[in-house]
Amino acid sequence: MTFHATIVTLFPEMFPGSLGGSLTGKALDDGKWQLDTVQIRNYALDKHHTVDDTPYGGGAGMVMKADVVDRALVAAQEKGLPDRKMIYLSPRGRPFCQAMAHDYAQTSGLILLCGRYEGVDHRVIEDWSMEEVSIGDYVLTGGELPAQILLDATVRLLPDVLGNKNSLENESFELGILEYPQYTKPQNWKNKIVPGVLLSGDHQKIAEWRQEEAERITRERRPDLWQAFLKTRT
Ligand code: SAM
């Protein structure tokens, strides 16, 4: 089973975008995952191809129409396995995190609905029982970048996509804390010297130093993660 992502969007030309480069792009070329798009506007039936209308109750902006988005979602489902999870990218959604990327990487794929304007008529989200996912506490102009971020984090976790699986093990969030600082050659750069322990060849000491640094950085920068990490140790 190849992981299959279908993007439902008013801007299909934005894909694969950043997903076409580097590891995710190579994996796409190698057929380790599949990506396609559905142009929502193609499912607007009037002669002006209208996809939005004014919000009930008044207020600024426009809302994407339920009937048009619904037909686009039917088309998206027809492109792949019908059991794929359906996600609406939304600032009101569940905050995206590494654990969610791991969960998605275990599935047959995703259908990702990208909003524009003030978003999508809520009835269509409910009707399809879509999960709402946010990539952070800020508002972007559309769901296309969030969809690429969600897919980038997910696709690199698919089997055989990341060249060196070991590099995943200590990454930020994998063990509930942030990663330790990394260094490479030269040993002395602008009189900043690489910590001596990393040159010692003593693997036990290196592992201890890295763990201490990872914990220190997490404690200082992310008290929320640190408290959750402490709970896992008690
Ligand atoms: N009126 C909406 C609100 O206040 O929650 C914001 C709509 S935003 C301008 C248009 C679209 O961008 C949304 O429908 C969503 O698909 C996408 N979007 C914006 N910010 C996002 C975020 N932080 N996470 C995920 N999607 C986002």
Side-chain angles (χ1 to χ4, degrees), residues 3-20 24 33 35-44 48-77 79-80 84-105 107 109-157 172-173 221-222 224-225:
F3 181 90
H4 180 177
T6 300
I7 316 291
V8 181
T9 171
L10 285 167
F11 297 95
E13 67 276 13
M14 288 186 176
F15 292 87
S18 66
L19 297 168
T24 49
W33 68 292
L35 176 69
D36 49 33
T37 56
V38 169
Q39 166 57 277
I40 297 171
R41 202 169 291 283
N42 290 345
Y43 298 89
H48 298 295
H49 304 289
T50 311
V51 295
D52 57 341
D53 210 330
T54 52
Y56 275 117
M62 301 294 272
V63 176
M64 291 169 72
K65 289 163 69 66
D67 59 324
V68 179
V69 172
D70 181 60
R71 283 190 290 274
L73 290 172
V74 171
Q77 269 215 323
K79 282 179 176 273
R84 286 183 298 159
K85 194 172 186 56
M86 304 188 71
I87 293 175
Y88 171 46
L89 283 313
S90 160
R92 295 185 325 199
R94 181 153 76 105
F96 184 54
C97 66
Q98 188 71 8
M100 287 158 77
H102 274 287
D103 286 347
Y104 298 154
T107 69
L110 300 171
I111 294 175
L112 298 169
L113 171 61
C114 304
R116 282 272 155 180
Y117 320 121
E118 292 310 316
V120 176
D121 186 316
H122 190 63
R123 291 168 294 182
V124 82
I125 309 301
E126 278 181 344
D127 200 45
W128 284 86
S129 304
M130 301 185 90
E131 182 180 6
E132 291 191 52
V133 177
S134 165
I135 60 146
D137 290 347
Y138 38 78
V139 178
L140 300 166
T141 51
E144 288 75 13
L145 284 175
Q148 288 183 31
I149 287 169
L150 185 152
L151 281 177
D152 186 301
T154 301
V155 165
R156 68 195 289 280
L157 301 176
S172 297
F173 311 113
R221 297 183 186 175
R222 291 291 301 272
D224 55 329
L225 280 184

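In this chain, residues are counted from 1 in sequence order. Just the heavy atoms: all of them, side chains too, but no hydrogens, waters or symmetry mates, feed the values below. Whatever order the structure lists them in is the order used to number ligands and atoms, beginning at 1.
Checked options V38, V8, V68; the residue passing with L73 is V8 (criterion: side-chain contact (heavy atoms from CB on, under 4.5 Å)). Residue Y117 forms a side-chain contact (heavy atoms from CB on, under 4.5 Å) with just one option from L10, V63, D53, and that option is L10.
Residue G142 holds the heavy atom nearest to atom 17 (C) of ligand 1 of all those in G142, G93, G136.
Considering backbone and side-chain N/O of E118, one or more are found under 3.5 Å from N/O of ligand 1. Ligand 1 has a nitrogen or oxygen under 3.5 angstrom from a nitrogen or oxygen of L89. Of the N or O atoms in R92, none lie within a sub-3.5 Å distance of an N or O in ligand 1. Residue L140 has at least one nitrogen or oxygen atom sitting less than 3.5 Å from a nitrogen or oxygen atom of ligand 1, judged on distance alone. Inclusion of V133 in the set of residues having an N or O under 3.5 Å from an N or O of ligand 1 is not warranted. Below 3.5 Å of separation, one finds no N or O of C114 facing any N or O of ligand 1.
Checking side-chain atoms of Q148 against main-chain N and O of M14 turns up a donor-acceptor pair under 3.5 Å. Side chain of R84 to backbone of G109: no donor-acceptor contact under 3.5 angstrom is found. At distances below 3.5 Å, at least one donor-acceptor pair connects side-chain atoms of Y88 with backbone N or O atoms of V120.
Atoms of ligand 1 lying under 4.0 Å from at least one heavy atom of S134, given by number and element, are 23 (N), 24 (N), 25 (C). Residue V139 has at least one heavy-atom neighbour below 4.0 Å for each of these atoms of ligand 1: 6 (C), 8 (S), 9 (C), 20 (N).
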Just do the side chain to side chain donor-acceptor pair (under 3.5 Å) check on D36 and T6 with the steps written out, would you? CA-CA 5 Å; D36 49 33; T6 300; 2.7 Å; yes
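Atom 24 (N) of ligand 1 has as its closest protein heavy atom I135 N, 3.1 Å.
Expressed to the nearest 0.5 Å, how far CG of D70 lies from CZ of R123 amounts to 11.0 Å.
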